[in-house]
Structures are given as C-alpha cells and as structure tokens.
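The next block holds one structure in the form of structure tokens; read it before the comments.
Throughout, numbering of the chain's residues begins at 1 and tracks the sequence. The structure presented is a predicted model; accordingly, all values stated were derived computationally and were not measured.
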Amino acid sequence: MSGGIQARLRAPLTRNADFGEVLAGGWTTLPPAELARRPVFVSADRAMSLGDLFDLSGTPAGSIRFEGDLSGASRLGMGLTEGAVVIEGTVGREVGLNMSGGSIIVTGNAGPRAGAAASEARRGMTGGELIVRGSVAEEAGSRMRRGLVAVGGSAGAHVGAGMIAGSLVVFGDAGPSAGLWSKRGSIVALGAVIIPSTYTYACAYRPTYLRLVLGRLRARYAMPVEERHLSGLFRRYSGDLADMGKGEILAWTPE
C-alpha cells in the first residue's frame, strides 16, 4: 500500500482500548489532523483522541497503515465500509467486527472474534476482505453473512460458528468445533481440521471457484498458497445438519 495515512503508535497501550469509532463512515477522505480527532475509548466513560496515541501523517488516499503493538486495541475496523487498512503487527479482539466493505490486512496475529458479529447483532461481516497473515483466536468469522476471511496461521475454536454465508480460508490448523451451527457458507481448511459430528461427508473434488479464490489470495495478498493446494482434492462435508445443513467444510487432502 503506497500513499495514504500513516499512524505510528507513540507508546505501548497500557490498557485495552476501543477503536470502534476510528474508521467509521467517511474516514477515507479525512486529512491526518481531522482523523486525529476521532475518539478512542480507554474506559466506559473516558475517551482520548487518536492523535493522543498516534503520530499521523500522509495525505488521504483511501488507505491507512497502523504501526505499533496493537494487541490492546479492540474493534479496530468495526463496521468498515470502504478503504484499505493495514495493521503492522498484532491486533486485539474483534478486528473487522461487522465490516461490510473495504479490506483489512493484519501482518501478525489477531485476537478473538476477528471478522465476527457484535454480541447484539444477528449477523457479522456482510462484505469486504479480512486477511490475517498470522493466527486468529476463537470465533473468527462467527455469524458472517458475506465477504472473505483468510488466516495464514491457525484458527482457534469455533471458527466460522453460525456462518450464514461467505468464505473463510484457514491455511493452518483449525481449532475444535469449526463451523458449528453453520447455515451456509464455506470453511476451507488447508491444514488439519476436526469435522463436527453434525457434518456428513459428501464427496472429494476440485472446486473450480476455489482455485480462483486461492489464486486471488496469492496474487493480491501474497498468502502462502502452494501448488499442492491447487492440485490436491478437497473432501466436502455438508452441515451443520443440526441447522439448515447447507454450509460446507472443504478439507484439503493430497489424494
């Protein structure tokens, strides 16, 4: 990502901070001085400005790059509708919560509920692309409705729980209870995955659309797609049969 806004963390975050309003609608055209006034909530009744925590520079170009340890930052990119966001390093819980457009790239790990639904919401992501080069904690992509989540490392328990639609690709191992209560949508497991008992085996094949998805992840985001991922078969499991049963887990297999 070239141009755009650069936000460099001045000092480590000493407590968890809610960044949910930082990238609300209209942020892509704001110059650094205006973006710096966006609130960050460090407690239920206390807010600081983004400029109190970060040095902001650059010019508006529909993109922003955050630099520094953001493991204490929650809900960064919540409700994102547009633009390109890069987070250099680790980020805390609920990155990309309820996002509907744009893209978020996390170069490190992400905390619980990345790309998930807010606790009061019936659905989570409705669009956009969330790319985590490292690992994610539990409940990534839970109740997602549309969009793409890709995880370069492993995923914690309940990845894709309650999915309504969309695609979720895990390059490493998936934790237990993947896709539990899924209605529709696809979980693509390129590493090890334990298939829930409420899923049933359907077939082994090479999905044409998946080659396109993996090709895009490799070309656009430099994700670790290998030729074996493109040439191997995928075992398709249908579920969750405790719900609508129209979702799927596609588990890569060499033969």
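- When atom types are taken as modelled, the side chain of Gln6 and the backbone of Gly4 share a donor-acceptor pair closer than 3.5 angstrom.
- For Asp243 (side chain) and Asp240 (main-chain N/O), no donor-acceptor pair under 3.5 Å exists by modelled atom type.
- Under the salt bridge (charged side-chain N to carboxylate O under 4.0 Å, His left out) criterion, Glu227 pairs with Arg218, sequence neighbours left out.
- For Ser135 (side chain) and Ser154 (main-chain N/O), a donor-acceptor pair under 3.5 Å exists by modelled atom type.
- Not one N or O on the side chain of Asp173 forms a donor-acceptor pair closer than 3.5 Å with the backbone of Gly156.
- Atom-to-atom distance recorded for Glu139:CD and His158:NE2 is 7.0 Å, nearest 0.5 angstrom.
- Scanning both residues, Leu168 and Ala140, for their nearest heavy atoms gives CD1-O, 3.6 Å.
- Without hydrogens or angle criteria, Thr107 side chain to Gly89 main chain gives a donor-acceptor distance under 3.5 Å.
- The cluster map of Ile, Leu, Val, Met, Phe, Trp and Tyr, joined by side-chain heavy atoms under 4.5 Å apart, puts Leu80 and Ile64 in the same cluster.
- By the rule that hydrophobic residues join a cluster once side-chain heavy atoms approach within less than 4.5 Å of another member, Leu56 and Val91 end up as members of one cluster.
- Side-chain contact between Val169 and Val149: absent, with no pair of heavy atoms (C-beta onward) separated by less than 4.5 Å.
- Val132 approaches Gly108 most closely through the heavy-atom pair CG1-O, 3.4 Å.
- In this structure, Glu138 does not pair ionically with Arg93, as no charged nitrogen and carboxylate oxygen lie closer than 4.0 Å.
- In this view, Pro31 and Glu34, Pro60 satisfy the side-chain contact (heavy atoms from CB on, under 4.5 Å) rule, not counting sequence neighbours.
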ask   = Between Met99 and Leu130, does a side-chain contact (heavy atoms from CB on, under 4.5 Å) hold up when you go through it step by step?
value = CA-CA 9 Å; Met99 66 184 290; Leu130 172 60; 4.2 Å; yes
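- In this structure, the side chains of Arg133 and Val106 stay at 4.5 Å or more apart for every pair of heavy atoms.
- Considering all non-hydrogen atoms of both residues, Arg15 and Val42 come closest at CD-O, 3.4 Å.
- Under the 4.5 Å side-chain contact rule for hydrophobic residues, Ile194 and Met163 do not share a cluster.
- Considering only heavy atoms from C-beta on, Leu250 comes within 4.5 Å of Tyr205 through its side chain.
- One finds the CG atom of Leu190 at 6.0 Å from the CG atom of Leu214 (value rounded to the nearest 0.5 Å).
- Cation-pi geometry between Arg143 and Trp181 is not met: the NZ or CZ atom fails to fall both under 6.0 Å from the ring centre and inside 45° of the normal.
- If you chain together hydrophobic residues whose side chains sit under 4.5 Å apart, Val136 and Met78 never meet in one group.
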request  = Verify side-chain contact (heavy atoms from CB on, under 4.5 Å) between Thr200 and Leu241, making sure each step is shown before the conclusion.
outcome  = CA-CA 8 Å; Thr200 184; Leu241 298 178; 3.8 Å; yes
Which donor-acceptor pairs under 3.5 Å do the side chains of residues 16-27 make with protein atoms, sequence neighbours left out?
from	atom 1	to	atom 2	distance (Å)
Asp18	OD1	Gly20	N	2.8
Asp18	OD1	Arg75	NE	3.2
Asp18	OD2	Arg75	NE	3.2
Asp18	OD2	Arg75	NH2	2.7
Trp27	NE1	Glu82	O	3.4

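- Pairing each heavy atom of Ala178 with each of Pro196, the nearest pair is O-CG, 3.2 Å.
- Remark: Asp69 pairs with no residue by the salt bridge (charged side-chain N to carboxylate O under 4.0 Å, His left out) rule, at least two apart or across chains.
- Atom CG in Leu217 sits 11.5 Å away from atom NE2 in His229 (nearest 0.5 Å).
- For the pair Ile104/Glu129, no side-chain contact is recorded, criterion being any heavy-atom separation below 4.5 Å from C-beta on.
- Taking CD1 from Ile195 and OG from Ser177, the interatomic distance works out to 11.5 Å, rounded to the nearest 0.5 Å.
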Evaluation steps, side-chain contact (heavy atoms from CB on, under 4.5 Å), between Phe171 and Met223 = CA-CA 9 Å; Phe171 284 80; Met223 293 297 278; 3.8 Å; yes
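- Both Val225 and Leu148 belong to a single network of hydrophobic side chains, linked directly or stepwise wherever heavy atoms of I, L, V, M, F, W or Y lie under 4.5 Å apart.
- Arg65 places none of its side-chain heavy atoms less than 4.5 Å from the side chain of Ile5.
- Here the side chains of Ser197 and Tyr199 are not in contact, with every heavy-atom distance at 4.5 Å or above.
- At distances below 3.5 Å, not a single donor-acceptor pair connects side-chain atoms of Arg211 with backbone N or O atoms of Gly215.
- Note that the OG atom of Ser142 and the CG atom of Leu180 stand 12.0 Å from one another [nearest 0.5 Å].
- At a threshold of 4.5 Å between non-hydrogen side-chain atoms, the residues Phe234 and Leu210 count as touching.
- Every residue two or more places apart in sequence or in another chain that forms a ring-ring contact (aromatic ring centres under 6.0 Å, His included) with Tyr201 is listed here: Tyr237.
- Ionic pairing of Asp55 and Arg8 is not present here: no N-O contact between side-chain nitrogen and carboxylate oxygen is shorter than 4.0 angstrom.
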key: Working for salt bridge (Lys or Arg N to Asp or Glu O under 4.0 Å), residues Glu248 and Arg235   = CA-CA 10 Å; Glu248 64 181 6; Arg235 295 173 63 87; over 6 Å; no
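- For Arg228, the CZ atom sits in a packed shell: over 12 heavy atoms of surrounding residues, nucleotides or ligands are nearer than 6.0 Å.
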request  = Quick one: do Tyr209 and Ser186 satisfy side-chain contact (heavy atoms from CB on, under 4.5 Å)? Show the steps, please.
outcome  = CA-CA 11 Å; Tyr209 87 93; Ser186 301; 3.3 Å; yes
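- Listed here is the closest heavy atom pair of Ala174 and Val193: CB-CG2, 4.0 Å.
- Two residues are said to be in side-chain contact when any heavy atoms from C-beta on lie closer than 4.5 Å; Leu53 and Met48 meet this criterion.
- Interatomic distance, Ile87 CD1 to Leu76 CG, rounded to the nearest 0.5 Å: 4.0 Å.
- Taking Arg206 as the reference, Leu233 meet the side-chain contact (heavy atoms from CB on, under 4.5 Å) condition, with sequence neighbours excluded.
- Across every non-hydrogen atom of Pro39 and Ala47, the tightest pair is CB-CB, 4.4 Å.
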